[in-house]
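Everything on this sheet refers to the single structure shown next.
Just so it is clear: chains get the letters A, B, ... in the order the sequence lines come, proteins before strands, and each one is counted from 1.
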Protein chains: 4
Amino acid sequence: MGTPPEQTRGRKRSEQTRLAILTAAYELTTEVGYQDLTIEGIAARAGSGKQTVYRWWSTKADVLLEALALKADLSVTTADQGSFADDVGAFLRDSAVLLARPGVVAVLRSLMSEAQRDQDFRDRFQREFLHKRRGAIDVLVTRAARRGDKPAFLSADLCADLIFGLIWYRVLATEPKLTDQDIAALQRLLS
Amino acid sequence: MGTPPEQTRGRKRSEQTRLAILTAAYELTTEVGYQDLTIEGIAARAGSGKQTVYRWWSTKADVLLEALALKADLSVTTADQGSFADDVGAFLRDSAVLLARPGVVAVLRSLMSEAQRDQDFRDRFQREFLHKRRGAIDVLVTRAARRGDKPAFLSADLCADLIFGLIWYRVLATEPKLTDQDIAALQRLLS
Amino acid sequence: MGTPPEQTRGRKRSEQTRLAILTAAYELTTEVGYQDLTIEGIAARAGSGKQTVYRWWSTKADVLLEALALKADLSVTTADQGSFADDVGAFLRDSAVLLARPGVVAVLRSLMSEAQRDQDFRDRFQREFLHKRRGAIDVLVTRAARRGDKPAFLSADLCADLIFGLIWYRVLATEPKLTDQDIAALQRLLS
Amino acid sequence: MGTPPEQTRGRKRSEQTRLAILTAAYELTTEVGYQDLTIEGIAARAGSGKQTVYRWWSTKADVLLEALALKADLSVTTADQGSFADDVGAFLRDSAVLLARPGVVAVLRSLMSEAQRDQDFRDRFQREFLHKRRGAIDVLVTRAARRGDKPAFLSADLCADLIFGLIWYRVLATEPKLTDQDIAALQRLLS
DNA sequence: CGTTAAGCGAGACGGTACGTCTCGTCTTGGC
DNA sequence: GCCAAGACGAGACGTACCGTCTCGCTTAACG
């Protein structure tokens, strides 16, 4: 039936403050790094009180997770490109564009880092971010299975692990960006 | 040649204390998690002073990095298995054994997490751990290139990124262990 | 006029905590001595955080200085006793009462000791404590000068130095309390 | 008979090192203050090891106490000046000369300060320094009692407390040096 | 149209860990 | 066996943030 009427008495949540906090968190992450990002710092930069941050988010990572959705377009295209190879290519280019936005890599690193420390955030991160992108791969693989242009031994799970593994490993451990050459090689490899 | 004479005046570093600290750090990580691992806690458990920890390591992550080398056999076999596919299989099985040791996954997650926060540690982690294992893949790929049993478009770098990407992504984001089936699929894919 | 409106935003200072800290500091000094008095100990005994102590006082000596004012009645009677000798007698008996309060001698020693180490505290100690008591002697001497029952060669400064010198030297170096006999002798000497 | 044969095996105590330590302690006190005087600092300045300092003295205050005896002539003249007033005058002038030596006031403050914190040092300080000087006053008073030129109500103890009280209070609390005028006033007062 | 309840910026609170400092002790190897 | 060097266990320092808790003020819907 959906959420209840939501008793709305008293002052409404300030959208302006919400945006100020998200923006402050995002910017501070790229400026000082996640290590030195503090709730106190976010509140100070946003010109809000600490309590206002704590009222709506549990941790600095949660602020950042929402800030990412605000600052970067996280939608994934899964339109049929004609073949599995082209579908994979489109997805990878899509990802490369996302990663090229300023601050995105820094924020992703921070979120994945936090997910290693806080089991509860790990779950929220998976639900709000990882699963959404992984779902796209499922679509591609299912379509390819129907078409028959994908190696039989390549399960959807392994396929997703390989693609996201490559992307994340580059983000987390080695610096190089995803090039057209990389994308081409992956396309040949997976089909 | 080699390291200088090393002015050796004053009391020698206590090897016993060094081991106690490394062991304490390793065990505490598996017990309470990296988040709640503190230098104070390590020193207390090791029965040492805080300063003794700080004298030899800069951060708790550095203690853990050295503890990993002490607690887990990090040596990689690169013996020729006859074919690129078998070389890859051997490497993957080798890695699976390492990851199965108690505590190793927890420590690896912690180190990679820390590497995302602290640029300096990131460099040390790459140098002391990531590069060493990556070197093994270089050996395999070079050998395969000589033999000619590897797709031409698969560079050593991409190959390493794919393999380590898969392993790390599983460790960091999805839980499943590396199965024989996964290994078989990877072997078919890369050769 | 007077102090400005005192921007009163945010939570008010807790008077209860303030008293708990002052009491803890005073008691700990008599129990373990100034040497072993620590800010950490004060906070722990008071059931407060260290920061709360540091927020309002710079050093443990400053806590103690305020605690003294709280625990001991520092007011000095300068009511006219009829003659300079009786004025001096009243002041000395007043001081003897103060010194007899439990803990006062220990705290005074601590404060004078600290004043020797920290020039800044020295100034505060003079301003908040020494000057106040010294002012009383000035009153007595001025009154005596008007009356004419005081040796001409005895300046107010020298007189104060002699009286406080005796008191402080007894407190700091020799143990004996100020007796009625001592007071009588001083009265004869100074008039 | 004196001290026993003093088993003398091994290296003799280095008199040069002893003097270096005492000098270093004395100078450092005047330079950085007692607060920032550390055993480590003394050893470093003296070019000795910490252990060598600890072997011969228990605290930095004890080093300083011995350094004072080395650096300042602590001998007290008690030669008969003909009258109690002149004896007192001679003693006070003697003290003024001592206090005028560079560093002496700083060291005396430090020692008295330390005596307030450490009961054991307090005893040593009294025995090694305070009692020696106090003895001189006893001599003067005894001689005056024989001569009869001293008020009967002025006991040796009170007399000493007054004289040392004045001197110490000036040193510890108010800055002014002992002037000839002060001395003259004291002479008139006590006789 | 005033009551009332939530949101707000501010900031004090009890805590915890930080990284540094100094203490006094304990080894070392050289003299 | 004394000495300089320096690692060691110990523990307080003053700082930074944590997450919570008042404060007094502002801003609506409700009655």
Side-chain angles (χ1 to χ4, degrees), chain A residues 7-18 20 36-44 46-56 58-60, chain B residues 7-18 20 36-44 46-56 58-60, chain C residues 7-18 20 36-44 46-56 58-60, chain D residues 7-14 16-17 36-41 43-44 46-56 58-60:
Chain A
Q7 269 286 106
T8 61
R9 277 238 281 173
R11 190 173 177 171
K12 292 271 180 61
R13 175 175 184 182
S14 161
E15 180 65 10
Q16 183 183 321
T17 295
R18 178 179 159 266
D36 294 342
L37 179 70
T38 64
I39 299 263
E40 300 215 332
I42 294 171
S48 82
K50 284 165 60 175
Q51 194 56 256
T52 304
V53 181
Y54 280 113
R55 192 176 293 118
W56 304 107
S58 6
T59 69
K60 61 177 179 175
Chain B
Q7 265 289 101
T8 150
R9 285 236 276 172
R11 189 173 176 173
K12 292 269 179 63
R13 175 174 184 182
S14 162
E15 180 65 12
Q16 184 182 322
T17 296
R18 178 179 159 266
D36 293 342
L37 179 70
T38 64
I39 297 264
E40 301 211 318
I42 294 171
S48 83
K50 284 167 61 176
Q51 196 57 255
T52 302
V53 181
Y54 281 112
R55 191 176 295 118
W56 302 107
S58 353
T59 69
K60 62 177 178 174
Chain C
Q7 267 288 103
T8 154
R9 289 231 277 168
R11 189 175 177 172
K12 294 269 178 60
R13 175 173 183 182
S14 161
E15 180 65 11
Q16 183 182 321
T17 294
R18 178 179 158 267
D36 292 342
L37 178 70
T38 64
I39 299 265
E40 302 213 319
I42 294 171
S48 84
K50 283 167 61 175
Q51 196 57 253
T52 302
V53 182
Y54 282 113
R55 192 176 293 118
W56 303 107
S58 349
T59 68
K60 60 177 179 175
Chain D
Q7 264 289 102
T8 57
R9 281 233 283 168
R11 192 168 171 174
K12 289 267 178 60
R13 175 174 184 181
S14 160
Q16 182 183 322
T17 296
D36 293 343
L37 179 71
T38 63
I39 297 263
E40 301 213 333
S48 82
K50 285 164 60 176
Q51 197 53 257
T52 304
V53 181
Y54 280 114
R55 202 179 342 265
W56 304 107
S58 7
T59 68
K60 61 178 178 176

Item to check | Any residue of residues 46-56 of chain B with a heavy atom less than 4.0 Å from an atom of DNA chain E | outcome: Lys50(B), Gln51(B), Tyr54(B)
Next on the checklist: Less than 4.0 angstrom between a side-chain N/O of Thr17(C) and OP1 or OP2 of dG14(E), yes or no?
Outcome noted: yes
Checklist entry - At their closest point, which heavy atom of Ile39(A) faces which heavy atom of Thr59(A), and how far apart are they? => result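 Shortest heavy-atom separation between Ile39(A) and Thr59(A) comes out as CD1-C, 4.2 Å.
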Checklist outcome for this item: On a heavy-atom basis, the closest approach of Thr38(C) and Gly41(C) is OG1-N, 2.8 Å
Starting at [atom1] of [X] and ending at [atom2] of [N], how long is that distance when rounded to a whole Å?
| X | N | atom1 | atom2 | value |
| --- | --- | --- | --- | --- |
| Glu40(B) | dG11(F) | CD | P | 12 Å |
| Ile39(D) | dA5(F) | CD1 | P | 16 Å |
| Gln16(B) | dT27(E) | CD | P | 11 Å |

Checklist entry - Do Thr52(C) and Arg55(C) touch side chain to side chain, with heavy atoms closer than 4.5 Å? => result yes
Next on the checklist: One character per nucleotide, please: for nucleotides 26-31 of chain F, 5' to 3', B when the base has a protein heavy atom closer than 4.0 Å, S when only the sugar-phosphate does, - otherwise.
Outcome noted: BB-SS-
Checklist entry - Hey, which of these two, Glu15(C) or Gly41(D), hits DNA chain E nearer its 5' end, going by closest nucleotide? => result Glu15(C)
Checklist entry - DNA chain F: Leu37(C) or Ser14(B), which has the more 5' nearest nucleotide? => result Ser14(B)
Checklist entry - Of the nucleotides dG19(E), dC8(E), dC8(F), which has the atom closest to the Arg13(A) side chain? => result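 So the side chain of Arg13(A) is nearest to dC8(E).
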Next on the checklist: Check whether Trp56(B) forms a cation-pi arrangement with Arg13(B) (NZ or CZ under 6.0 Å from the six-membered ring centre, at most 45° off the ring normal).
Outcome noted: yes
